[in-house]
Amino acid sequence: MHDIWQEFIKIIREEVGTRVVETWFKAVNVARWDAYNKIIILQAPNKFVTDWLKTHYMTLFEHHLGRLLNEPKITVVFQQESDINVPILPATKSTPSSAVFTAAKPLTPPTKIAKHAEHRAHGEINARYIFESFVVGPNNNLAYSAAHAVAQNPGILYNPLFMYGGSGLGKTHLLHAIGNVVKSRNKKAHILYQSADRFVHEFINAIRFDKVFQFESKYKNIDLLLIDDIQFISHKEQTQEAFFHIFNVLHQAHKQIVCTSDSMPCDIAGLAERMRSRLEGGLVADIQMPKLETKIAIIKQKAELQGHVLTDDIAYAIASRVISNIRELEGALIRVIACASLAKQAITLDLIEKVLVRPDAQRMHAIDMQRIVNTVCQHFEYSLADMKSAKRQKELTSARHVALYLMKKLTRHSLKEIGNFLSRKDHTTVLNALERIEQRRETDHKLNSLLHKLEHDIVNA
Ligand code: ADP
Ligand code: MG
C-alpha cells in the first residue's frame with residue numbers, strides 16, 4: 001500500500017503541481033485498504049484539510065487510486081486524527097487480500113510526515129537516485145555520460161549542463177545522482193536541489209517579505225546548484241532576472257550548475273534571450289523514450305531492487321504494455337508485484353494479463369484516430385481517401401478492417417465515432433470489422449504479427 005500511495009502522489013504531482021501536493025496531499029496518510037468492501041480509508045490531520053481535499057480532489061482520489069488498485073470503483077473515506085479510535089466501518093469478513101493491505105502498525109502522525117516532505121522539498125538530495133540504479137541505453141547515454149562527467153569534475157567540464165526530455169524519463173534521477181556523488185566526495189559542499197517552481201515561490205516570498213538580499217546570498221554560496229524543471233521560470237521576468245544574476249555569479253566562480261527541462265532552451269516560450277543563451281552555453285543533452293530493450297532492462301533492475309528476479313518474457317510482457325514513460329513503467333511493475341503478493345502467487349504472464357489490462361487510460365487520449373489511420377495507410381499503401389471510399393476490393397477492405405480494429409483497441413472512441421472517422425454511416429460496420437479481425441487473428445499468424453507491429457509503431461510514433 002505504501003508503494004501504491006507513493007505512486008499516487010507522483011501521478012497527482014503531475015496533475016496538480018508540487019505545491020498543491022506538498023500543501024495538501026502530503027499531509028494525508030493511508031490508514032487502511034479494505035479490499036473486501038473496496039474502501040480506502042485516508043487519514044487527514046484535521047477537518048479543514050479533509051474538507052478541502054473532498055471538495056477539490058475527490059474525483060482524482062477515486063480515479064487514480066482505483067486505477068492503481070485495479071478496481072474500477074472504490075470508495076474513498078476520510079478519517080481525522082481525532083477520530084482514529086472510532087470504528088467507521090462495520091466489521092467485515094477478512095479475506096486474505098484485505099489482510100495483506102490492512103495497515104497493522106500504528107499510524108504515524110501526519111504532521112510528522114508533512115514536515116519530512118517539506119524538508120525534502122527544500123533542497124535535499126534524494127539518496128535513492130544514484131548513477132548505479134540508472135539503466136543506460138541509446139536513449140539516455142548522452143545525458144548519463146555528461147551527468148557522470150560533471151559529477152566527477154564539477155564546475156570544470158560542462159557548465160551549465162542542461163538536460164531535457166519528456167516527463168518521467170529520468171531527468172530528476174540524474175540530477176540527484178550528480179548531487180549524491182558530489183556530496184559523498186565532499187561532505188562540506190553546499191549542494192542545493194531545487195525545482196524551478198519552488199525557486200519562483202521562494203523568490204516571490206523574498207520580495208514580499210523584503211528578503212531579496214538573504215535570498216540571493218543563499219544561492220550565491222552554493223557549490224552545486226541543481227535546478228529541476230527550469231521551464232517553470234518562463235514568463236516570470238523578475239524571477240528570471242534574479243536567476244540570471246545568481247547564474248552569473250556562480251558561473252564565474254566555477255560553481256557547477258545543472259538544469260533540467262521538458263524541452264530545449266530554444267523551445268521554452270517566455271524565456272529571456274540572454275537567459276536562453278546562458279543555458280545553451282554549456283552542454284545540452286537530451287533524454288528520449290527508451291526502446292523496448294532498455295525498457296526490459298529497467299524493469300528487471302527495478303524488480304531486483306524489490307527482491308524479484310524476472311525472466312525476459314515477464315519483463316517483456318510488462319514493458320510492451322506500458323507506452324508512455326519510465327515512471328509509468330515503474331507504476332505498472334509496482335501494481336504487478338503488489339497483486340502477486342496480494343494473491344500470494346508468483347509473477348506469471350497470466351497475472352500480468354489480468355493486472356495490466358490495457359495501456360494507461362490517460363495515455364489512450366494521446367493516440368488519435370488520425371495517427372492510427374496514417375500508420376495503416378502507410379503500411380498498405382492506400383490513401384486516406386481510399387480508406388474513406390466505398391470501394392470494396394479485398395485488400396482495401398482488409399486494410400480498412402485493420403484500421404478500425406486498431407482504432408477501437410487503442411482509443412476510447414465509440415464505435416460510432418470510429419465509423420464516422422472513416423465515413424462509415426453505420427456503426428455495425430465497425431463491429432463487423434472487429435469481429436472479422438478477432439476471428440482471423442485466431443488462425444492467421446501473419447496478421448497477428450502485423451497487428452503487433454502496427455500497434456507498436458502507432459504507440460511509439
Ligand atoms: P523526470 O524527472 O524526467 O520526469 P524522473 O527522474 O522522476 O523523471 O524518473 C521517473 C522514474 O523513473 C524515477 O523513479 C526514476 O528512478 C525512473 N527512471 C527513469 N529513467 C531511468 C533509468 N534509465 N533507469 C532506471 N530508472 C529510471
Ligand atoms: Mg522530474
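In each ligand, atom 1 is the first atom listed, and ligand 1 is the first ligand listed.
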**Prompt:** Gly166: heavy atom below 4.0 Å from ligand 1, yes or no?
**Reply:** yes
**Item:** Nitrogen or oxygen atoms of Gly170 and ligand 1 under 3.5 Å apart
**Value:** yes
**Complete:** protein heavy-atom neighbour closest to atom 3 (O) of ligand 1 works out as Lys171 NZ, 2.8 Å
**Side chain, backbone, both or neither: Pro290 near ligand 1, heavy atoms under 4.0 Å** = neither
**Request:** Specify whether an N/O/S atom of Thr172 falls short of 2.8 Å from the Mg ion (ligand 2).
**Result:** yes
**4.5 Å side-chain heavy-atom contact, Glu241 and Arg274** = yes
**Asked** So, are Glu202 and Lys218 salt-bridged, with charged N and O less than 4.0 Å apart?
**Response** yes
**Item:** Point-to-point distance, once rounded to the nearest 0.5 Å, from OG of Ser145 to CG of Asn140
**Value:** 8.5 Å
**Prompt:** Is Gln301 in polar range of ligand 1, meaning some N or O pair under 3.5 Å apart?
**Reply:** no
**Shortest non-hydrogen contact between Ser261 and Ile268, atoms and distance** = OG-CD1, 3.4 Å
**Request:** Please step through salt bridge (Lys or Arg N to Asp or Glu O under 4.0 Å) for the pair Asp312 and Lys300, ending with a clear verdict.
**Result:** CA-CA 8 Å; Asp312 276 355; Lys300 288 172 91 171; 2.4 Å; yes
**Fill in**
heavy-atom search around atom 4 (O) of ligand 1 in the protein gives Gly168 N, 2.6 Å
**Message:** Parallel, tilted or perpendicular, judged at 30° and 60°: which one describes the rings of Tyr129 and His176?
**Reply:** tilted
**Asked** Ion pair present between Asp457 and Lys453, side-chain N to carboxylate O less than 4.0 angstrom?
**Response** yes
**Prompt:** Is the shortest N/O to N/O distance between Ile298 and ligand 1 below 3.5 Å?
**Reply:** no
**Asked** With only distance considered, is Thr172 within less than 3.5 Å of ligand 1 through an N or O on each side?
**Response** yes
**Request:** Check the pair Lys10, Glu330 against salt bridge (Lys or Arg N to Asp or Glu O under 4.0 Å), reporting the backbone distance first and the verdict last.
**Result:** CA-CA 11 Å; Lys10 272 194 204 167; Glu330 263 187 309; 3.4 Å; yes
**Prompt:** What protein heavy atom sits nearest atom 25 (C) of ligand 1, and how far away is it?
**Reply:** Ser133 O, 3.3 Å
**Prompt:** Going by the atom numbers of ligand 1, which of them fall below 4.0 Å from some non-hydrogen atom of Glu330?
**Reply:** 11 (C), 12 (O), 13 (C), 14 (O), 17 (C)
**Request:** Could you check which of Arg128, Arg327, His173 puts a non-hydrogen atom nearest to atom 7 (O) of ligand 1?
**Result:** Arg327
**Request:** First locate atom CG of Asp197, then atom NZ of Lys236, and finally report the distance between them rounded to the nearest 0.5 Å.
**Result:** 7.5 Å
**Asked** Ring centroid separation for Tyr219 and Phe199, is it under 6.0 angstrom?
**Response** yes
**Request:** Under 4.0 Å from a heavy atom of Asn140: give me the atoms of ligand 1 that qualify, with their elements.
**Result:** 23 (N)
**Prompt:** Measuring from the heavy atoms of His176, does anything fall under 4.0 Å of ligand 1?
**Reply:** no
**Item:** Polar atom proximity, Leu169 to ligand 1 (N or O, under 3.5 Å)
**Value:** yes
**For ligand 1, the portion of Lys10 having any non-hydrogen atom under 4.0 Å away** = side chain
**Request:** Tell me whether the centres of the aromatic rings in Phe78 and Phe61 are closer together than 6.0 Å.
**Result:** yes
**Asked** Using 4.0 Å as the upper bound for N to carboxylate O, is an ion pair formed by Arg327 and Glu7?
**Response** no
**Message:** Can you report which non-hydrogen protein atom sits closest to atom 26 (N) of ligand 1, along with the distance?
**Reply:** Lys302 NZ, 2.9 Å
**Prompt:** What are the atoms of ligand 1, with element, lying closer than 4.0 Å to any heavy atom of Ser167?
**Reply:** 4 (O)
**Asked** Using the ring of each side chain (for Trp, its six-membered ring), is Phe162 parallel, tilted or perpendicular to Tyr164, with breaks at 30° and 60°?
**Response** tilted
**Message:** Heavy atoms only: which of Ile326, Val135, Asn126 lies closest to atom 12 (O) of ligand 1?
**Reply:** Ile326
**Asked** Which one holds for Asp228 and ligand 1: side chain close, backbone close, both close, or neither close, with close meaning a heavy atom under 4.0 Å?
**Response** neither
**Message:** Contact between ligand 1 and Gly165 is defined here as a heavy atom of the residue under 4.0 Å from a ligand atom; is it met?
**Reply:** no
